[in-house]
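Everything numeric in this text was worked out from a predicted model, so none of it was measured.
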Amino acid sequence: MNERQPSPAAVTDERPVFAALDDAVAGAVLERPLRRGWLFGFAVAFGLLMLLLVSVGWLFTKGVGIWGINIPAGWGFAIINFVWWIGIGHAGTFISAILLLLHQEWRTSINRFTEAMTLFAVACAGTFPLLHLGRPEYFYWLAPYPNTMGLWPQWRSPLVWDIFAVSTYATVSLVFWYVGLVPDLGVLRDRAFSRGKLIRARLFGIFALGWRGSARHWEHYQRVYLILGGLAAPLVISVHSIVGMDFAVSVVPGWHSTIFPPFFVAGAIYSGFAMVLTLLIPVRSAYRLQPYITAAHLDKAAKVMLATGTMVWFGYYCELFMSWYSGDQFERFLAWNRAAGPYAPAYWALMICNVLILQALWFHWVRATPVVLFVVAIFCNIGMWLERYVIIVVSLHRDFLPSSWGMYYPTIWDWTTFLGTLGLFFTLIFLFIRLVPMISLSEMREYLLEQRRKGGDP
């Protein structure tokens with residue numbers, strides 16, 4: 001017998017543990033009647049989603065003039081929110097792919113949730129470049145589709161880079177998430193059959209792709225899952241590097257910097273883990289998942305936030321230093337304008353959120369107290385949104401010539417579109433919680449077996 005395979009007696013001993021896991025993740029969440037808390041949260045999120053539909057409908061009717069963008073600030077909330085949402089989606093790929101390749105077992109309890117968060121965040125991010133086009137009905141011009149008119153994309157346009165980066169990221173993330181879900185769909189199919197719920201069993205059976213849990217199936221599954229993890233890992237670096245290059249290839253002071261690609265990657269992982277904690281802590285408490293999403297998981301996620309957040313504020317220091325050391329009068333003016341100009345409150349608010357409040361994570365009691373950690377994560381999310389606001393708006397609103405200066409004022413439609421994408425995101429999150437296991441049953445079972453084999457307490 002293969003030494004990595006448990007004996008029949010060991011498997012028998014694990015059955016109560018497996019049953020408790022299935023009941024906690026599948027039975028207590030997916031198979032029970034809807035709770036009032038879930039219904040209330042879904043109603044609020046769905047209401048915001050309807051607000052998005054109204055905002056987009058009015059945008060298609062009147063054009064992008066309903067937003068606050070104008071000369072010189074031709075980029076506004078649409079690009080701010082695009083970069084923010086893409087950053088949030090990075091934590092899922094980091095946890096699922098890179099930590100998988102590094103054999104980090106603590107990813108097991110949270111990878112399914114973060115993968116879903118990635119997909120929903122990318123869906124929200126993808127709406128903004130299309131809406132920002134002004135002619136979204138011709139979005140397919142950005143793709144190099146075969147045509148007799150010889151119409152090809154402008155490859156030097158950052159917009160084309162974003163289309164390829166985001167579409168690749170979304171496709172690989174979706175396939176990676178679905179492949180990891182197949183064994184759990186097989187478990188849900190069998191549970192539905194045993195309870196006589198034939199319609200649900202057939203639906204799960206279709207999406208389970210005939211999964212039987214045989215040795216051959218597991219061999220193919222693990223091989224494909226590892227390959228997809230290897231494909232997804234470079235996307236953590238490449239996708240947000242491309243988003244950073246959108247700014248770095250310009251000549252605008254504050255954007256024309258080689259530090260932007262790594263700076264954006266660190267900020268993306270930082271904001272992504274902040275959103276992971278923002279979502280995971282309430283869900284963990286509401287569904288009593290503390291035995292599977294432990295304090296150690298929250299502590300490690302907070303430590304990753306602390307490490308990447310430190311990289312972010314070190315990037316702030318590098319920007320200030322280079323604006324002084326370069327001797328470029330425009331870079332120096334931009335640094336002064338951020339700190340003392342008309343948008344100074346936004347700049348200092350982001351410094352408080354991303355530099356000052358972040359230092360609380362050095363203390364173990366903060367990382368060990370879910371309520372305090374939740375508050376810190378909320379402030380980090382706000383700080384990263386303000387960072388994008390400062391990078392885009394403050395860099396644009398005062399051009400090289402004072403005669404080209406102007407102010408950017410977001411309109412009500414800027415805010416409703418942003419709130420609407422929050423509604424889209426949380427609507428998808430609520431549906432995900434209700435329809436599929438938020439914790440990977442197959443990987444968690446493997447982890448429990450490994451812990452029992454090592455003599456630990458699962």
Could you grab the distance from atom [atom1] of [X] to atom [atom2] of [Y], nearest 0.5 Å is fine?
| X | Y | atom1 | atom2 | result |
| --- | --- | --- | --- | --- |
| E387 | I392 | CD | CD1 | 10.0 Å |
| I433 | L428 | CD1 | CG | 11.5 Å |
| T417 | I412 | OG1 | CD1 | 9.5 Å |
| L119 | T114 | CG | OG1 | 10.0 Å |
| I378 | L373 | CD1 | CG | 11.0 Å |
| I429 | R434 | CD1 | CZ | 16.0 Å |

>> Please evaluate residues Y169 and T118 with respect to the criterion side chain to side chain contact (heavy atoms under 4.5 Å, CB included), reporting the C-alpha separation (whole Å), side-chain torsions for both, the decisive distance (0.1 Å), and the verdict.
In response: CA-CA 10 Å; Y169 188 55; T118 292; 3.8 Å; yes
Do the two ring centres, one from [X] and one from [Y], sit under 6.0 Å apart?
| X | Y | result |
| --- | --- | --- |
| F94 | F273 | yes |
| W155 | F164 | yes |
| W218 | W211 | yes |

Nearest non-hydrogen partners of [X] and [Y], listed with the distance:
| X | Y | result |
| --- | --- | --- |
| V276 | A91 | CG2-CB, 3.8 Å |
| A302 | L361 | O-CD1, 3.7 Å |
| F176 | S96 | CE2-CB, 3.2 Å |
| W255 | I391 | NE1-O, 2.7 Å |
| I439 | R112 | O-NH1, 4.0 Å |
| A97 | G229 | CB-O, 3.5 Å |

So, the side chain of [X] versus the backbone of [Y]: is there a donor-acceptor pair under 3.5 Å, distance only?
| X | Y | value |
| --- | --- | --- |
| S194 | R191 | yes |
| R107 | I95 | yes |
| T171 | S167 | yes |

Is there side-chain contact between [X] and [Y], with at least one heavy-atom pair below 4.5 Å?
| X | Y | value |
| --- | --- | --- |
| D184 | V436 | no |
| T294 | S109 | no |
| M438 | Y287 | yes |
| L59 | W67 | yes |
| V312 | T308 | no |
| V122 | S173 | no |
| H217 | V182 | no |
| Y178 | F207 | yes |

Counting neighbours of [atom1] on [X] that are heavy atoms of other residues, nucleotides or ligands and sit closer than 6.0 Å, is the number greater than 12?
| X | atom1 | value |
| --- | --- | --- |
| L102 | CG | yes |
| F42 | CZ | yes |
| Y221 | OH | yes |
| Y140 | OH | yes |
| F379 | CZ | no |

In terms of ring plane angle, is the pair [X] and [Y] parallel, tilted or perpendicular, where the classes change at 30° and 60°?
| X | Y | result |
| --- | --- | --- |
| W85 | F425 | tilted |
| F263 | F260 | tilted |
| F264 | H240 | tilted |

> Between T411 and D414, does a side-chain hydrogen bond (donor to acceptor under 3.5 Å, both in side chains) hold up when you go through it step by step?
Replying inline: CA-CA 5 Å; T411 66; D414 286 295; 3.2 Å; yes
> Regarding T93 and H90, is there a side-chain donor-to-acceptor distance under 3.5 Å anywhere?
Replying inline: no
> Given Y316 and W313, is the ring-ring contact (aromatic ring centres under 6.0 Å, His included) satisfied, shown in steps?
Replying inline: CA-CA 5 Å; Y316 299 157; W313 68 257; 8.7 Å; no
> E219 and side chain to side chain donor-acceptor pair (under 3.5 Å): which partner among R223, R216, Q222?
Replying inline: R223
>> With side chain to side chain contact (heavy atoms under 4.5 Å, CB included) as the criterion, how do V355 and L350 come out once you've worked through the C-alpha distance, each side chain's angles and the decisive distance to 0.1 Å?
In response: CA-CA 8 Å; V355 179; L350 88 85; over 6 Å; no
> Please walk me through it: do H132 and I69 pass side chain to side chain contact (heavy atoms under 4.5 Å, CB included)?
Replying inline: CA-CA 10 Å; H132 198 263; I69 54 175; 4.2 Å; yes
>> Please evaluate residues L48 and F426 with respect to the criterion side chain to side chain contact (heavy atoms under 4.5 Å, CB included), reporting the C-alpha separation (whole Å), side-chain torsions for both, the decisive distance (0.1 Å), and the verdict.
In response: CA-CA 9 Å; L48 292 176; F426 283 104; over 6 Å; no
>> By the definition ring pair (Phe, Tyr, Trp, His ring centres under 6.0 Å), identify the one residue from F77, F418, F128 that meets it with W84.
In response: F418
>> Does N81 form a side-chain hydrogen bond (donor to acceptor under 3.5 Å, both in side chains) with T421? I'd like the steps, not just the answer.
In response: CA-CA 9 Å; N81 297 328; T421 56; 5.6 Å; no
